[in-house]
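Reviewing the structure listed below.
First the proteins, then the strands, lettered A, B, ... as listed; each starts at 1.
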Number of protein chains: 2
Amino acid sequence: MAGRLSGVKEIARRANVSIATVDRVIHNRKGVSETTRQKINEIIQEIGFQPNILASRLASKKTNRFAVLIPDARETDYWKASLDGIERAYQEIKQYGVFLDRYLFDLNDKSTFVKYVNDMLKGSYDGVVMAPSFIEEAASFASACADRQIPYVFINSDVPNRDSLTYIGPHLYQSGYQAGQLIRFGLKQGKVLIVNISKEIDAYHHLLRKEEGFRQYMENTNTPEAPIRVEKIDITNTTDEAIQDALDTFLKEHTDIDAFFVTNSRVKSVAKYLRNTARQHRILIGYDLSEENIEYLKDGTIDFLIGQKPEEQGYLGVMSLFQHVVADKKIAKEQYMPIDIITKENFEFYKN
Amino acid sequence: MAGRLSGVKEIARRANVSIATVDRVIHNRKGVSETTRQKINEIIQEIGFQPNILASRLASKKTNRFAVLIPDARETDYWKASLDGIERAYQEIKQYGVFLDRYLFDLNDKSTFVKYVNDMLKGSYDGVVMAPSFIEEAASFASACADRQIPYVFINSDVPNRDSLTYIGPHLYQSGYQAGQLIRFGLKQGKVLIVNISKEIDAYHHLLRKEEGFRQYMENTNTPEAPIRVEKIDITNTTDEAIQDALDTFLKEHTDIDAFFVTNSRVKSVAKYLRNTARQHRILIGYDLSEENIEYLKDGTIDFLIGQKPEEQGYLGVMSLFQHVVADKKIAKEQYMPIDIITKENFEFYKN
DNA sequence: CTGAAAGCGCTTACAG
DNA sequence: CTGAAAGCGCTTACAG
């Protein structure tokens, strides 16, 4: 494996000490004289020693327990994909003695989030991955983790001013900015409607960041000859019926909308409306590769979907924890997902 | 790790045999009576035995040697990225006793390809990853590997009718089809020029597949009211000067081109021409996130670049070999890369 | 056909 | 502050 001239045994031989002492130095344990510590460290440098992580985990029998806290997969394709990524990561690392508990809360019931948080704090985990869907509750959970020195990772959305190990998720503002580019490329000039559909205050905050980016793009690129004007509608009753009604009412009054930017995966509801009311094609852009959204992409109602790589988020969430806790590697503070532009023509090549 | 009640020792205890015999059964080695073999297999099923791959590799000291054969990284950003991915994979698997040799041939000198192929055949490798840039030579190399029972993986481009372990790379036809969608979305109607720039017959063949996809999209979506007509130019002298001249000559005669589809990373040369001759913006789409291309994306000369994930290709090439040879996993016959749509607004979130 | 023993590279008590 | 020995779960000769 690592070769016979580069292991702890070789270091011990060169330093004229036992391998136990070498081990102490490698792991910065105390009980070694400064002299021998230095000598050993020099040799480590010299031969470029890299511990054999297989042998290390095998011998130590050390295990780690991680926990993930995300919305229940049954809710949406999005969280299903995230969980898939989590499982994929787990398959890769479980052989290293890592255990993983999954807590799947109900997005419509904040109390399940709180309950699981309490359970998790009792569980004495070595690391946590969470989707901070309920910002305040997540923030206080983060504080509790910090107090207990438990590293935690945010996926999908961030909580400001929390010292997480890393944030893994979309760059919301920039993805709105990207949507702006696509619409301008296809529309040239006219009027576009931003559609925010959400009943959750917490989530609404995220939609606004996308809206900001979108508006900024239009502002930056507008010219007097080819202006694009922006309207917006907030829909807070999220039953499908209510959404259809809200759109109908709005569009009866504003008949000159050429394009729609829906700031989340609810784009399917707008697609449904547009397909039913037909007339002619109008540009429609939204988020996420849910099955329903893809149906509307296929039939041409939706022009573009912006993908946020939920599977990758889940995978990286767990792997980042592993790299940090087990492999002692440096982790980037922010890991923004690519802003995937998905069409009828390329969606088959994106799993999520 | 795997828990004390599920290892070879436990199986041996239950079967009333030694662990050596258990090992023989696990690895289908001969020299075990049918009776004990069955008994052991039953127990393996019963307790759901999964061998500890760490311990296995550690104990066996088995090593594997892989080789990669790709164009020299100095040639282009593209192959630099591919090599990066290969190195990333290698870092992950080297601890399992895998060694990797890199053969970087000169894209402009077929003889270097042939030379390396001969070297590799002498090297008795356990697996090969190659970019079959020279189709015939690659095909005969593939045959030689097959004769020797050496699994081989094609990345970046495929060789028809060869029984590779897997193909990892773009779906050329579909990426051209995707380019068609983008141009129609922005252009609505007019005239588009396909630009093939290549002096290599082998490579030209790939460009044609993209061209086909592009043309098919236009054909499928053309209507009498909003037709898009397609012209094309092949440029086989690939010095920058010659390209500029060829474009200049062509465009003096065809002044009504509204959009350009360049079928490979040479899009930078077309961008240079368009930026220098200015007038007004015309739609320009090409391939690959090279530094130069990104410069033209940033300044607005290029509208879209289609990414082919060279880093990912390199990574998956090596990992597929590892999964097959070391971990004995099933590998999908074709692993098409996503057709990434890259813009000025999202390129920062794509490494390659 | 089968088993006892040594060993992979590292870690962990334990003894000094 | 330091070392000898046992052991992690598996594999590999070697002996019978």
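- Between the CD1 atom of I44(B) and the P atom of dC10(D) there is a distance of 11 Å, rounded to whole Å.
- Going from atom CD1 of I19(A) over to atom C1' of dA13(C) covers 14 Å, rounded to whole Å.
- Judged by the 6.0 Å distance and 45° axis criteria, R88(B) is positioned over the aromatic ring of Y315(B).
- Remark: C1' of dG3(C) and NZ of K9(B) are 15 Å apart, rounded to the nearest angstrom.
- Considering only the side chain of A20(B), dT12(D) comes nearest among dC10(C), dC10(D), dT12(D).
- Contacts between residues 25-35 of chain A and DNA chain C, counted as heavy-atom distances below 4.0 Å, involve H27(A), R29(A).
- Ring geometry for Y96(A) against F322(A) counts as tilted: the plane angle lies between 30° and 60°, on a 0 to 90° scale.
- Between the NZ atom of K61(B) and the P atom of dC10(C) there is a distance of 10 Å, given to the nearest Å.
- Cation-pi geometry between R65(B) and Y125(B) is satisfied (NZ or CZ under 6.0 Å from the ring centre, within 45° of the ring normal).
- Closest contact between the side chain of S18(B) and the listed nucleotides dG3(C), dG3(D), dC10(D) involves dG3(C).
- A donor-acceptor contact closer than 3.5 angstrom is absent between the side chains of T21(B) and R37(B).
- The side chain of S60(A) lies closest to dT12(C), out of dC8(D), dT12(C), dC10(C).
- Ring centroids of F154(A) and Y152(A) are separated by less than 6.0 Å, placing the two rings close together.
- The base of dG9(C) does not come close enough to the side chain of R57(A) for any donor and acceptor atom to sit less than 3.5 Å apart.
- Judged by distance alone, the side chain of K333(A) and the main-chain N or O of S164(A) form a donor-acceptor pair under 3.5 Å.
- As rounded to whole Å, 14 Å separates atom P of dC8(C) from atom CD of E10(A).
- With both pairing distances under 3.5 Å, dA13(D) is matched to nothing as a Watson-Crick or G-U wobble pair.
- The distance between atom CZ of R13(B) and atom P of dG3(C), rounded to the nearest whole Å, is 15 Å.
- Between the CZ atom of R24(A) and the P atom of dC14(C) there is a distance of 14 Å, rounded to whole Å.
- Nucleotide dA4(D) has no partner under the Watson-Crick or G-U criteria, as no pair reaches both atom distances under 3.5 Å.
- When distances are taken from the side chain of K62(A) to each of dT2(C), dG7(C), dT12(C), the shortest belongs to dT12(C).
- Of the possible polar contacts, none joining the R102(B) side chain to the L83(B) backbone as a donor-acceptor pair under 3.5 Å is found.
- The distance between atom CG of L58(A) and atom P of dC10(C), rounded to the nearest whole Å, is 12 Å.
- For N52(A), whose side chain is taken as the heavy atoms from C-beta onward, the closest listed nucleotide among dC10(C), dG3(D), dT2(C) is dC10(C).
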